[in-house]
**Student:** 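Dropping the structure in here first, questions after.
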Protein chains: 2
Amino acid sequence: MPSRARTTTIIDTPEGRKLLRIHGTIARDIGIRIVSGQFQPGEVLNGEVEASDRLRVSRTAYREAVRILAAKGLVESRPKTGTRVSPRAKWHLLDPDVLSWIFEFEPGDDLLASLFELRKIVEPEAAALAAQRRTEAQVTAMAEALADMTEHTLASPEGRAADQHFHAALLEASGNPFLVTLTSGVGAAVAWTTIFKQRHMPLSRDPIPDHRRVFEAVAAGNAKAAHKAMANLVDMAFLDTTRALPGPADRNAT
Amino acid sequence: MPSRARTTTIIDTPEGRKLLRIHGTIARDIGIRIVSGQFQPGEVLNGEVEASDRLRVSRTAYREAVRILAAKGLVESRPKTGTRVSPRAKWHLLDPDVLSWIFEFEPGDDLLASLFELRKIVEPEAAALAAQRRTEAQVTAMAEALADMTEHTLASPEGRAADQHFHAALLEASGNPFLVTLTSGVGAAVAWTTIFKQRHMPLSRDPIPDHRRVFEAVAAGNAKAAHKAMANLVDMAFLDTTRALPGPADRNAT
DNA sequence: CTGCCTTCATTACTCAGACAAATAAAGATG
DNA sequence: CATCTTTATTTGTCTGAGTAATGAAGGCAG
């Protein structure tokens, strides 16, 4: 028996990506196909046996992948009927993984606009709350992150990490755990597209001053100013992102 | 061998609850213990073998439960170290299941306040967007839901369903899928507490007029009025909920 | 013909036991 | 003392069997 080349299952680990087990990679694969429209809502996936041996994995691994997708609202499985893709209304669109899968394939234009619409609603308010509630330690953390951002630019990984730290500290300062999860997930997904952006055009505009304005307003405890500064920052980020992503991307008009 | 009484595994299905498989019930069990603080972040769960035979289930079922929890960011498992509860910052607090688990055990007072803070930020804006973008069909749907709410009251299951339909239609009208998932999940969790509320006190105030004002503003396409009316509605809902939930609930001060 | 009940076939669900892979910690080596 | 190697433990994966749920087809009365 030639057996399978399973022992050499080197999981596709591009670079800074969290390395996944088999069930993780399969969940990601199918998840991407679902959010990209390759598997339409209502469509039934192949049965466990067929699917698992088409993918050359055990049923166990495949089933765990399906559990993950079901936990994120992408599929629903019942005996006799099989596993079918859920309607889009049931998808947990704000789940970090689902978001990353969406942005993995294509940003999606209208979805991107919706996402920034959400940011525009939430983040300024979060900044305003942070201005009212921030502790000294949080101000210090934001200051350090801002300094790191200034030193390394957004063109470097360190700079992007500093950007993330800045926003994380700000959200932390808002004192609302729901705002933290919401915006951190969204922010991570958007940041992922920023990398694409950097490839196409060097960098349209220096984002540091925008960040500095937000920081100073929060540090000063000026909620109104923080709100305004953050609103401006989101607007600018949206402009940068849309300008960088060229195509009309009309491959599937949902 | 007497075997086990597994054949009589009647899954605990209280009433209107979605009936769960074994892996689902286990995930829910552990999930509730995590969000309620019985399993602290950083703590490692029992090994798969020990845990699975303590629960009298197969390792497969237990593992699928862990996959679900991992998909929701509650745990992280690696070989040799085991499965450990993730820090709260990694939890997907806006996941519908996680939310329901949180509200299953204890509303949580500060968490409840944070949740309504989020609603207060998002829902008025969603109403404003709905006022600008709603189609005739969506207005009709909202009108019907409102009529049903008026007929049956919130004291009846039909009335609560109508309430959900009303808000769902409104969110749909906002044209932003992220707002839909965000608010529908949050709304469902809050609605779940409404049932508790009804048990303790009959009903403090008639919510119909609040809803009617929102509806009329949206139907008229008046974004500002819709924003204001919805803000008022959320405020009232918060007052009702906090007034109904009595205790200081000091059992675990996070 | 219609409506309800029973039977049946299909599918996911659960179980059991074995082996593989990863990795933190202990131990050996320089 | 530092670094490499070994080891033990835990999750990860595979296989094959049997169970439970359920939509659909068929039977039976009205």
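None of the values given here were measured: they were computed from a predicted structure. Quick note on labels: first sequence line is chain A, next is B, and so on, each numbered from 1.
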**Student:** First locate atom CG of A:Leu55, then atom CG of A:Asp29, and finally report the distance between them rounded to the nearest 0.5 Å.
**Tutor:**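 Nearest 0.5 Å value for the CG-CG distance: 7.5 Å.
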**Student:** Taking the side chain of A:Pro79 as heavy atoms from C-beta outward, which of C:dA24, C:dT11, C:dT14 is closest to it?
**Tutor:**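 Taking heavy atoms from C-beta onward, the closest nucleotide is C:dT11.
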**Student:** At 4.0 Å (heavy atoms only), tell me whether B:Arg67 reaches a base, stays on the sugar-phosphate, or touches nothing.
**Tutor:**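 Counting heavy atoms under 4.0 Å across all strands, the contact made by B:Arg67 is with sugar-phosphate only.
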**Student:** Select base, sugar-phosphate, or nothing to describe what B:Ser77 touches, counting heavy atoms under 4.0 Å on all strands.
**Tutor:**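 Since only primed, P, OP1 and OP2 atoms lie under 4.0 Å of B:Ser77, the category is sugar-phosphate.
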**Student:** Testing the 3.5 Å rule here: is there a donor-acceptor pair between the side chains of A:Glu117 and A:Ser114?
**Tutor:**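 There is no such pair between these side chains.
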**Student:** Could you check how far OH of A:Tyr62 sits from P of C:dT11, rounded to whole Å?
**Tutor:**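 It is 13 Å, rounded to the nearest whole Å.
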**Student:** Round to a whole Å and report the spacing from CZ of B:Arg63 to C1' of C:dA20.
**Tutor:**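 After rounding, the reported distance stands at 13 Å.
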**Student:** With heavy atoms under 4.0 Å as the rule, sort B:Thr81 into base, sugar-phosphate or nothing.
**Tutor:**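 Sugar-phosphate, no base atom in range.
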**Student:** We want to know whether B:Asp163 and B:His211 form a side-chain donor-acceptor pair, criterion being a heavy-atom distance below 3.5 angstrom.
**Tutor:**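 There is such a pair (donor and acceptor under 3.5 Å, judged by atom type) between the side chains of B:Asp163 and B:His211.
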**Student:** Which nucleotide in the list C:dA24, D:dT15, D:dG12 gets nearest to the side chain of A:His23?
**Tutor:**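 Per side-chain heavy atoms of A:His23, the pick is D:dG12.
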**Student:** In whole angstroms, how far is the C1' atom of D:dT11 from the CD atom of A:Glu64?
**Tutor:**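 Taking CD of A:Glu64 and C1' of D:dT11, I get 10 Å after rounding.
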**Student:** How many Å lie between CZ on B:Arg78 and C1' on C:dA25, as a whole number?
**Tutor:**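 One finds 14 Å between C1' of C:dA25 and CZ of B:Arg78, rounded.
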**Student:** With nearest nucleotide decided by heavy atoms, which residue, A:Thr83 or A:Thr60, maps closer to the 5′ end of DNA chain C?
**Tutor:**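 Counting from the 5' end, the first nearest nucleotide belongs to A:Thr83.
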**Student:** Just to verify, what does B:Glu50 make a side chain to side chain donor-acceptor pair (under 3.5 Å) with, not counting sequence neighbours?
**Tutor:**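 Side chain to side chain donor-acceptor pair (under 3.5 Å) list for B:Glu50, sorted by chain: B:Arg54.
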**Student:** Taking NZ, NE, NH1 and NH2 as the nitrogens, is one of them in B:Arg63 or A:Glu64 under 4.0 Å from a carboxylate oxygen of the other?
**Tutor:**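 Result for this pair is yes, salt bridge flagged.
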**Student:** When the distance from CD1 of A:Ile22 to C1' of C:dA22 is rounded to whole Å, what number comes out?
**Tutor:**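 That distance rounds to 13 Å.
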**Student:** Might you confirm whether atom NE2 of A:His152 has over 12 heavy atoms from other residues, nucleotides or ligands at distances under 6.0 Å?
**Tutor:**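 Correct, the count exceeds 12.
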**Student:** For B:Arg21 and D:dT19, what is the distance between atoms CZ and P respectively, to the nearest whole Å?
**Tutor:**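 Taking CZ of B:Arg21 and P of D:dT19, I get 17 Å after rounding.
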**Student:** Show the distances under 3.5 angstrom between N or O atoms of the protein and N or O atoms of nucleotides 5-8 of chain C.
**Tutor:**
none

**Student:** For B:Glu76 and D:dT10, what is the distance between atoms CD and P respectively, to the nearest whole Å?
**Tutor:**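 Nearest whole value for this atom pair: 19 Å.
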**Student:** Take A:Arg134 and A:Glu172 through the test salt bridge (Lys or Arg N to Asp or Glu O under 4.0 Å) and record every step on the way to the result.
**Tutor:** CA-CA 8 Å; A:Arg134 86 286 183 282; A:Glu172 177 77 24; over 6 Å; no
**Student:** Find which nucleotide of DNA chain D each of A:Arg59 and B:Asn46 is nearest to by heavy atoms, and output the residue with the more 5' nucleotide.
**Tutor:**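 Here B:Asn46 is the residue nearer the 5' end.
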**Student:** Which whole-number value in Å describes the distance from B:Glu50 CD to D:dT10 P?
**Tutor:**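 In whole Å, D:dT10 P lies 9 Å from B:Glu50 CD.
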